[in-house]
Structures are given as C-alpha cells and as structure tokens.
J.: 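Attaching a single structure in structure tokens format; questions to follow.
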Amino acid sequence: MSLVHWILILNLWILKATSLQAGSRVVLREIGRNIVGGSDPKDYAVELNATNFDAVLKDTPATYAIVEFFAHWCPACRNYKYHYENVAKLFNGPNAVHPGIVLMTRVDCALKINSKLCDKFSVSHYPMLFWGPPTKFSAGWSSNQAKSKLRLIDDGQTAKRLLNWINKQIGSSYGLEDEKFENEHLTSNISDPGQIARAVYDVEEATAAAFDIILEHKMIKSETRAPLIKFLQLLVAHHPSRRCRKGSAEVLVNFDDLCPLDMWSSDMHDVDTSNMIGVLRNFYICGKDVPRGYWMFCRGSKNDTRGFSCGLWVLMHSLSVRIEDGESQTAFISICDFIHNFFICQECRQHFYEMCSSVKSPFTKARDFALWLWSAHNEVNERLIKEEASLKTGDPKFPKIIWPPKQLCPSCHHSRGTKDKGGSQIDWKRDEVFKFLISYYGNTLVSLYKEKGLLVGDGTSVILEDSSTNAVVVPVGAALAIALASCAFGALACYWRSQQKNRKPRRSWS
C-alpha cells in the first residue's frame, strides 16, 4: 500500500476519533444537566465589567440590584451559578415573572479588566453578593462604611435561601416555582400622574422593539426607505430618551452607505438585503448596555395585553408635544407613514391610515397635531372598548378608557352628555387637554430620567425641515458628532442638508 493511502487512512481515523471525542463531551454535558436538576439554566443575570458597570446600574429601571462578584476558575462559583440563575430568571429577561424589581448581575473578578472594580468593593471571597439601590453601587463598598446603602448578602447560599432573603427585604412572597401568568403586583391608580414617569423606559423598549421588527421582517424596501429615514429624523430631534436620539443618529448617518438609494435599481429585481440587515443589527438604537425585556408603565396584568402597542402610543404622544409649529405637518406625515409601512398589525395599520387620510388640511400648529393624535387615540380606544367587551379580550385591570379620565385631569372636562348610540360624549376643554398632554407626555414622562441624570438639556432646539422633492434631510453635523465622537447630545447644534436627489414627489397623507 502506498504512502498516500496510509496518510488518507490516518486522516480518516483522526477525524473519527475527534468526532467521537466531541460526542463524548455532548453526552457528558447531558449527564451533567441531569445531575444538577434536569436542565442547564440560561444566563439571565447580566454580565458586567469595569467599562459598563456604572452605566448599566444607573440606567436600569429596576428598584433594586444584586451584584455577584465571582471568579470563573472558582469551583464553588461554578456550582453557585445554577442557584443564582434560578433566582435571576424570576426578575431578568423578557420572560421574567416579576420584572422591573430586582436587576441581578455578576462581575468576574478573575478578569484583569475588573481588578480595580473588585478592589473597590473590598471583595474578600467568592462568591460575594451585594444588595442595594442600583444608583448607589458607583461609590463602591468597604466593611467599615456604616452609612452605606449597600448590604452584603450573608444568607444566599442556595436559590431558596437567596430568594427568601430578597423577600424579607421587600416584603414579598415570591417563590422559585412562580409562573408568568398574572402580574399581581401592578397598580392601576390612574389618578396618579406620576405613573407615566416609568414609561420613559417603555418608550425606549418600544423604539428598540420596532427597529427589531423592521429588521426581522425585512421591511426596508425601495418604497419604505424614505419613510423610515423621515421617522429616524424625528427620533433624532425629539425622542425623549437621549440614548435613543444618539442611537437613531448613528443609524441615520450610516444609512446611505448601508442602504444606498440605487440599491433597488430597475435592473435588479431580487435584492439581497441580508448583509445590510446584518450590519444594522449591530446598531443598538436605544443603547447596548441597557437591560431590556420588561415593561414598566405599559405592563398589563395579563401576558398578552398592553406592552408594545402601549409603548408605541406613548412614544408618538411624546414626540407630538416636543415639536415646534413649523414641524407639525412633517411630524404628522412621518408618523402616519411609519405606522402605515412598519406596524405589523394589518387591521390596526389600515385603521390608522384611514384616520390619517381623513385629515384634509395641513397642520400649521404643533397644538393642532398633538390634539389630533390624542383624538385619534381616543377613537381607537372607543372602537376597542366595544370589541374587547364582546370578545372578552381586554385587560381586566387596565380596560380601555377615553383619555384623560376626570380623576387625572378634572380641568379637561366640561360636562357629560349622551350620544345617540348609547355611549358617553365628553365635552372637552381642548386648551386644558393640550396643557395636560404637554405636562404628562413632556415633563412628567422624563422626570425619572432627570432624577437619575440621564436626561440633559440639549442646549439648542432642532427643527425638522420638510422636503417634498428630496427623499432625505439628514442631520449630518449632529449625527457625526454623536456617532463618531460619542459626545454629549448637547452638541446637537446641527444643520440639515439633502443627500438624495431626483426623487419623485412623495404621496401626501392629507
């Protein structure tokens, strides 16, 4: 037998041996899962390091946080991870049973990047767990700090004991077997105007979710390209969250390179957009390090109610109260086009399109646009009230109502009459309603951000320019400064210029 044949046989034997070895590892992994209790828990705890530690804990909407300091080489830490993750799955992630209460995180002290961070907390053994308000972790901890807001968890060796320790701190009775079926801790006190403050996180969540849906369903096409850019412009200028303004600007300034206007030229019928979508997924439109996966103000008492649709409505209202008079028609078209092209519920999309098409005169005042959107929302609610009552699909704790109720804005209401169809007709004081909208979706919405120092005045106002002949008007100066230098958004003293030409006039919704 020749040398070549022996070499081929040897290679085949090595490949077979390698595959058997890999298979053995798979079997051992499965056995290990069975030993520890039947499954290998997913990582629900948020991995932190020295570069994102302060930002994540500052930005989280959770009331409390736990930080576990560990070392990846530590056998006890590896065993403890199973227990820690079983508690973390109750509070973290999109399927959390009790979201928005405790953010559970971990820091690997064996990594050199985290050595100073672990020293800052006087880590003396592994694992070592701390509890406290998220914003208080930036100061660190030492054993001689009598007035520290952070506490060392001294009784959390197992999942059950750790959860019992948490329950004692917050007066709860959560269990490891809790299932996500009803959000019993929610309150529906609509008379409290401060509730909307927590919705700033939902606005971020809705923005990020909408962007994910657009990419997942490959909704960027030749006819939807310009509407998406117009909406991104609106977000860059007026989104209530600074990190969403920054993220939108980063997407916008790179959009022409990723999605050029001639991508869908006449001689190209089947355009492959997978590469473009893959790159766009790397842009985190509302921040990379912010833990996502739960709703705050918009969380329903049932798993299939409220959430994304509520967050999207709050986003649109928050935009409507931040624009100037000269932007009202542009903002109206941007929002109408965005819902028509990118909202995936067909019936809802069609109904919103009909409401937009019924507007016969262009908006010249921001007040008129804000009140139109408010009225449109109430029209949707009035329709859904009847449908949900007949089909029993509404949220029992948060039924659809005509907004705002008298408890929340007494000055908005004149009197109550009777409709021919048996419903109730409210005689609104529209000036008072507008004042309420500005306060509720403007200052109150971002008050929690202001307290955390996450919302800083931009210093200058940015006006959207309307363009009927050009596809895009891009805030190049501000977007470049934000995207490339990661500077504060107060540098948004930008000018708008045209980047695409020779486009056919856009269809008008009015």
Side-chain angles (χ1 to χ4, degrees), residues 94-97 99-100 179-193 195-196 198-199 201-203 205-206 209-210 213 294-318 320 335-336 338-340 342-358 371-409 412-413 416-428 433 436-437 440-441:
N95 295 315
V97 186
E179 297 180 358
K180 185 181 178 184
F181 64 96
E182 186 168 347
N183 308 320
E184 71 287 342
H185 66 279
L186 291 177
T187 60
S188 56
N189 182 14
I190 58 175
S191 63
D192 178 13
Q195 283 192 359
I196 192 67
R198 295 172 74 82
Y201 297 105
D202 295 346
V203 172
E205 188 88 36
I213 290 171
Y294 41 70
W295 301 99
M296 306 296 290
F297 172 83
C298 286
R299 190 179 188 220
S301 65
K302 295 170 64 178
N303 295 327
D304 56 353
T305 60
R306 307 187 81 209
F308 176 63
S309 59
C310 167
L312 197 58
W313 271 115
V314 178
L315 171 61
M316 292 191 294
H317 285 301
S318 69
S320 74
I335 287 177
C336 286
F338 181 80
I339 297 298
H340 181 61
F342 300 110
F343 194 65
I344 206 161
C345 171
Q346 183 174 356
E347 182 180 347
C348 306
R349 183 173 63 220
Q350 181 62 29
H351 188 257
F352 199 83
Y353 170 78
E354 292 171 357
M355 291 191 296
C356 289
S357 300
S358 67
L371 288 174
W372 173 84
L373 187 64
W374 157 76
S375 179
H377 194 173
N378 274 337
E379 182 179 330
V380 171
N381 278 355
E382 193 167 12
R383 176 174 58 88
L384 292 178
I385 287 171
K386 299 173 183 177
E387 291 183 7
E388 292 179 352
S390 62
L391 299 174
K392 309 296 183 185
T393 56
D395 190 318
K397 207 164 188 177
F398 298 93
K400 295 286 191 300
I401 59 174
I402 304 303
W403 193 261
K406 201 165 188 177
Q407 306 98 296
L408 196 58
C409 183
C412 294
H413 297 244
R416 191 174 289 270
T418 303
K419 268 186 174 181
D420 295 337
K421 296 182 180 180
S424 59
Q425 178 64 55
I426 300 173
D427 186 9
W428 296 102
V433 171
F436 166 80
L437 294 174
Y440 193 74
Y441 293 109

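Treat the numbers as computed from the prediction; the structure is a model and nothing was measured.
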J.: Would a distance-only check, ignoring hydrogens and angles, find a side-chain to backbone donor-acceptor pair under 3.5 Å from Ser375 to Leu371?
T.: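 Pair absent, no side-chain N/O of Ser375 close to backbone of Leu371.
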J.: Would you say Tyr441 and Val203 make side-chain contact, with heavy atoms under 4.5 Å?
T.: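 Not touching, per the 4.5 Å side-chain cut-off.
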J.: What distance do Ile335 atom CD1 and Leu373 atom CG have between them, rounded to the nearest 0.5 Å?
T.: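 The distance works out to 6.0 Å.
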J.: Please report the shortest heavy-atom distance between Val314 and Ala199, naming the atom on each side.
T.: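 Nearest heavy atoms, Val314 then Ala199: CG1-CB, 4.3 Å.
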J.: Report yes if the side chains of Trp428 and Cys412 come closer than 4.5 Å at any heavy-atom pair, otherwise no.
T.: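 Touching, per the 4.5 Å side-chain cut-off.
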J.: Rounded to the nearest 0.5 Å, how far apart are OG1 of Thr305 and CD of Glu388?
T.: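 Result: 9.0 Å between the selected atoms.
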J.: Can you tell me how far apart CH2 (Trp403) and CD1 (Ile426) are? Round to the nearest 0.5 Å.
T.: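 It comes to 12.0 Å.
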J.: Just verifying a value: how many Å separate Ser357 OG and Gln350 CD, rounded to the nearest 0.5 Å?
T.: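 Going from the OG atom of Ser357 to the CD atom of Gln350 covers 8.0 Å.
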J.: Taking all non-hydrogen atoms of both residues into account, name the closest pair between Leu384 and Lys400 and its distance.
T.: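 What the structure gives for the nearest pair is CD1-CE, 3.8 Å.
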J.: Ignoring hydrogens and geometry, is there a side-chain-to-backbone donor-acceptor pair from His413 to Pro404 under 3.5 Å?
T.: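 Yes; judged by distance alone, with no hydrogens or angles, the pair exists.
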J.: Verify, without hydrogens or angle tests, whether Asp202 (side chain) and Met296 (backbone) share a donor-acceptor contact under 3.5 angstrom.
T.: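 It does hold such a pair.
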J.: Starting from the C-alpha separation in whole Å, work towards a yes-or-no answer on side chain to side chain contact (heavy atoms under 4.5 Å, CB included) for Tyr201 and Cys298.
T.: CA-CA 10 Å; Tyr201 297 105; Cys298 286; over 6 Å; no
J.: I would like to know whether Tyr353 and Phe343 meet side chain to side chain contact (heavy atoms under 4.5 Å, CB included); could you show each step before the answer?
T.: CA-CA 11 Å; Tyr353 170 78; Phe343 194 65; over 6 Å; no
J.: Is there a side-chain contact between Thr393 and Glu387 in this structure, where contact means two heavy atoms from C-beta onward sitting under 4.5 Å apart?
T.: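 A side-chain contact is absent here, since even the closest heavy-atom pair is not under 4.5 Å.
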J.: For the CD1 atom of Ile402 and the CD atom of Glu379, what is their distance to the nearest 0.5 Å?
T.: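 Separation between the atoms: 10.0 Å.
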J.: With His377, which residues qualify under ring-ring contact (aromatic ring centres under 6.0 Å, His included), at least two apart?
T.: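 For His377, the residues satisfying ring-ring contact (aromatic ring centres under 6.0 Å, His included) (neighbours in sequence not counted) are Trp313, His317.
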J.: Hey, does the side chain of Asp395 reach the backbone of Gly300 with a donor-acceptor pair shorter than 3.5 angstrom?
T.: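 Absent.
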J.: Trp372 and Cys356: which non-hydrogen atoms are nearest, and at how many Å?
T.: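 For Trp372 versus Cys356, the nearest heavy atoms are CH2-SG, 3.8 Å.
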J.: Determine whether Pro99 and Arg299 make a side-chain contact, defined as any pair of heavy atoms from C-beta on separated by less than 4.5 Å.
T.: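 In contact.
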J.: Check Ala210 against Phe308 and note the closest heavy-atom contact, atom names and distance.
T.: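 For Ala210 versus Phe308, the nearest heavy atoms are N-CE1, 3.8 Å.
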J.: Indicate yes or no for a side-chain donor-acceptor contact from Arg198 to the backbone of Phe297 under 3.5 Å, with no hydrogens or angles considered.
T.: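 Looks like no, no N/O pair under 3.5 Å.
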J.: Of the non-hydrogen atoms in Ile339 and Leu312, which two are nearest, and what is the gap between them?
T.: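 Nearest pair, atom of Ile339 first, then Leu312: CD1-CD2, 4.0 Å.
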J.: With a 4.5 Å cut-off on side-chain heavy atoms, are Arg306 and Phe398 touching?
T.: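 Side-chain contact under 4.5 Å: yes.
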J.: So, Ser318 side chain and Leu315 main chain: donor-acceptor pair closer than 3.5 Å or not?
T.: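 Side chain of Ser318 to backbone of Leu315: a pair is present.
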